[in-house]
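Only a predicted model underlies this, so the values are computations on that prediction, with no experimental measurement involved.
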Amino acid sequence: MADQKQTELAAAKTEEMRVVRPDVAPPDIVPPVADDGQFRAEQERIKEMIAADAPLSEILSNLVLMIEAQSPEMLCSILLPSDDGNHVKHAVAPSLPQDYVKVIDGSPIGPKHGSCGTAMYRGRPVIVSDISTDPLWEEYRNFAWAIGVAACWSTPIMSSKAKVLGSFAMYYREPRTPDGDERYLTDVATKLAALAIEHNAKRQT
């Protein structure tokens with residue numbers, strides 16, 4: 001019963017963003033000033049990598065580095081579901097310490113498993129603005145403190161058929177909530193990641 005109450009508290013207090021499918025453009029997301037020609041060119045380069053059948057890990061790594069370059073304080077990661085669909089599987093996290101990556105890799109997908117495991121469970125974005133107080137991070141809080149991160153926002157990567165393909169996360173070293181630029185960058189990242197993952201799946205069938 002106590003766990004149920006904590007889960008309900010997490011659902012009530014944790015902020016959420018809209019889910020963006022790769023084939024649907026959100027009408028109320030306005031590109032930030034930082035979205036200049038170079039950033040658009042980088043997005044096109046990612047699409048070219050997808051079309052050229054580059055390895056999925058290479059595409060996702062380049063995608064994450066492209067997003068991180070828009071905000072020096074941001075650390076990003078992409079997780080995929082495990083083969084059994086019940087756990088998260090590390091894909092890319094070029095700026096996160098490997099010790100932390102190993103801890104998260106293989107953790108459960110469920111209603112109270114940090115930002116990413118919960119986002120993939122709900123199929124909705126999960127915005128944890130302060131890891132030190134959010135009950136979703138109860139089992140993972142010490143690991144976050146060990147690498148000096150204080151906020152984590154995770155958005156599920158959705159297929160064109162509304163299936164959860166993975167999660168895209170943004171970490172920050174201070175408690176905070178996303179602004180308009182970060183929401184836009186999340187939209188860019190999740191749509192490109194969905195295209196890459198779906199394309200890779202089609203190649204393997």
Side-chain angles (χ1 to χ4, degrees), residues 2-17 19 57 60-61 63-82 85-157 164-179 181-190 193:
D3 287 344
Q4 180 180 355
K5 288 182 178 179
Q6 284 186 314
T7 301
E8 292 172 350
L9 178 63
K13 288 189 174 182
T14 304
E15 299 180 49
E16 295 189 353
M17 295 191 297
V19 174
S57 60
L60 297 181
S61 182
L63 170 57
V64 164
L65 290 171
M66 177 189 74
I67 298 297
E68 288 182 342
Q70 303 304 307
S71 177
E73 301 85 9
M74 181 195 302
L75 308 172
C76 299
S77 73
I78 291 178
L79 296 174
L80 304 175
S82 61
N86 296 322
H87 301 82
V88 302
K89 180 173 66 175
H90 168 68
V92 295
S95 300
L96 289 172
Q98 284 303 304
D99 288 345
Y100 178 78
V101 170
K102 291 177 182 178
V103 167
I104 299 303
D105 189 24
S107 60
I109 294 172
K112 191 185 172 187
H113 288 284
S115 300
C116 296
T118 305
M120 293 173 71
Y121 174 80
R122 294 180 183 175
R124 300 290 304 174
V126 172
I127 309 304
V128 174
S129 58
D130 189 349
I131 288 173
S132 68
T133 60
D134 197 297
L136 293 182
W137 276 80
E138 183 177 343
E139 296 183 21
Y140 305 92
R141 191 168 291 134
N142 289 338
F143 302 119
W145 285 343
I147 65 169
V149 294
C152 180
W153 322 323
S154 184
T155 301
I157 300 166
V164 175
L165 301 174
S167 66
F168 170 76
M170 291 179 171
Y171 292 83
Y172 276 90
R173 298 194 182 280
E174 71 280 348
R176 56 177 294 182
T177 54
D179 59 22
D181 284 5
E182 289 151 346
R183 291 174 187 269
Y184 171 70
L185 291 173
T186 296
D187 294 335
V188 170
T190 52

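With contacts defined as side-chain heavy-atom distances shorter than 4.5 Å, the pair His113/Ser107 does not qualify. Residues Pro125 and Ser154 have side chains not in contact (no heavy-atom distance under 4.5 Å, counting atoms from C-beta outward). Counting heavy atoms from C-beta on, the side chains of Lys89 and Leu79 never come closer than 4.5 Å. The shortest side-chain heavy-atom distance between Arg173 and Leu75 falls under the 4.5 Å cut-off.
Taking CD1 from Ile131 and CZ from Arg141, the interatomic distance works out to 8.5 Å, rounded to the nearest 0.5 Å. Taking CD1 from Ile78 and CG from Leu165, the interatomic distance works out to 11.0 Å, rounded to the nearest 0.5 Å. Interatomic distance, OG of Ser57 versus CG of Leu80, reported as 10.5 Å (0.5 Å rounding). Rounding to the nearest 0.5 Å gives a distance of 9.5 Å between OG1 of Thr118 and CH2 of Trp137. Tyr140 OH to Ser115 OG: the interatomic distance, rounded to the nearest 0.5 Å, is 11.0 Å. For the atom pair SG of Cys76 and CD of Glu68, the computed distance is 4.5 Å after rounding to the nearest 0.5 Å.
Counting all heavy atoms, side chain and backbone alike, Val88 lies closest to Ile109 at CG1-CG1, 3.7 Å. In this structure, Thr190 and Pro156 approach most closely via the heavy-atom pair CG2-O, 4.2 Å. Across Cys116 and Ser167, no two heavy atoms sit closer than the pair CB-OG, 3.6 Å. Taking each heavy atom of Leu136 and Pro111 in turn, the nearest pair found is CD2-O, 3.4 Å.
Checking side-chain atoms of Ser77 against main-chain N and O of Ala93 turns up no donor-acceptor pair under 3.5 Å. The main-chain N or O of His90 is found under 3.5 Å from a side-chain atom of Asp105 such that the two form a donor-acceptor pair.
With hydrogens and angles left out, the side-chain atoms of Trp153 and Thr177 include no donor and acceptor closer than 3.5 Å. Donor-acceptor pairing under 3.5 Å is lacking for the side chains of Tyr184 and Gln70. For the 3.5 Å distance criterion, the side chains of Tyr172 and Ser71 qualify, holding a donor opposite an acceptor.
The residues Glu182 and Arg176 are annotated as salt-bridged, a charged nitrogen and a carboxylate oxygen being separated by less than 4.0 angstrom.
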Given the rule in the side chain to side chain contact (heavy atoms under 4.5 Å, CB included) test, do Val188 and Met66 qualify, once you have shown the distances and angles that lead to the verdict?
CA-CA 10 Å; Val188 170; Met66 177 189 74; 4.2 Å; yes
Show the numbers, then the answer: is there a side chain to side chain contact (heavy atoms under 4.5 Å, CB included) between Phe168 and Ile67?
CA-CA 11 Å; Phe168 170 76; Ile67 298 297; 3.9 Å; yes
Side chain to side chain contact (heavy atoms under 4.5 Å, CB included), that's the test. Do Leu63 and Val92 meet it? Break it down for me.
CA-CA 10 Å; Leu63 170 57; Val92 295; over 6 Å; no
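Residue-environment remark: OH (Tyr100) exceeds the threshold of 12 foreign heavy atoms within 6.0 Å.
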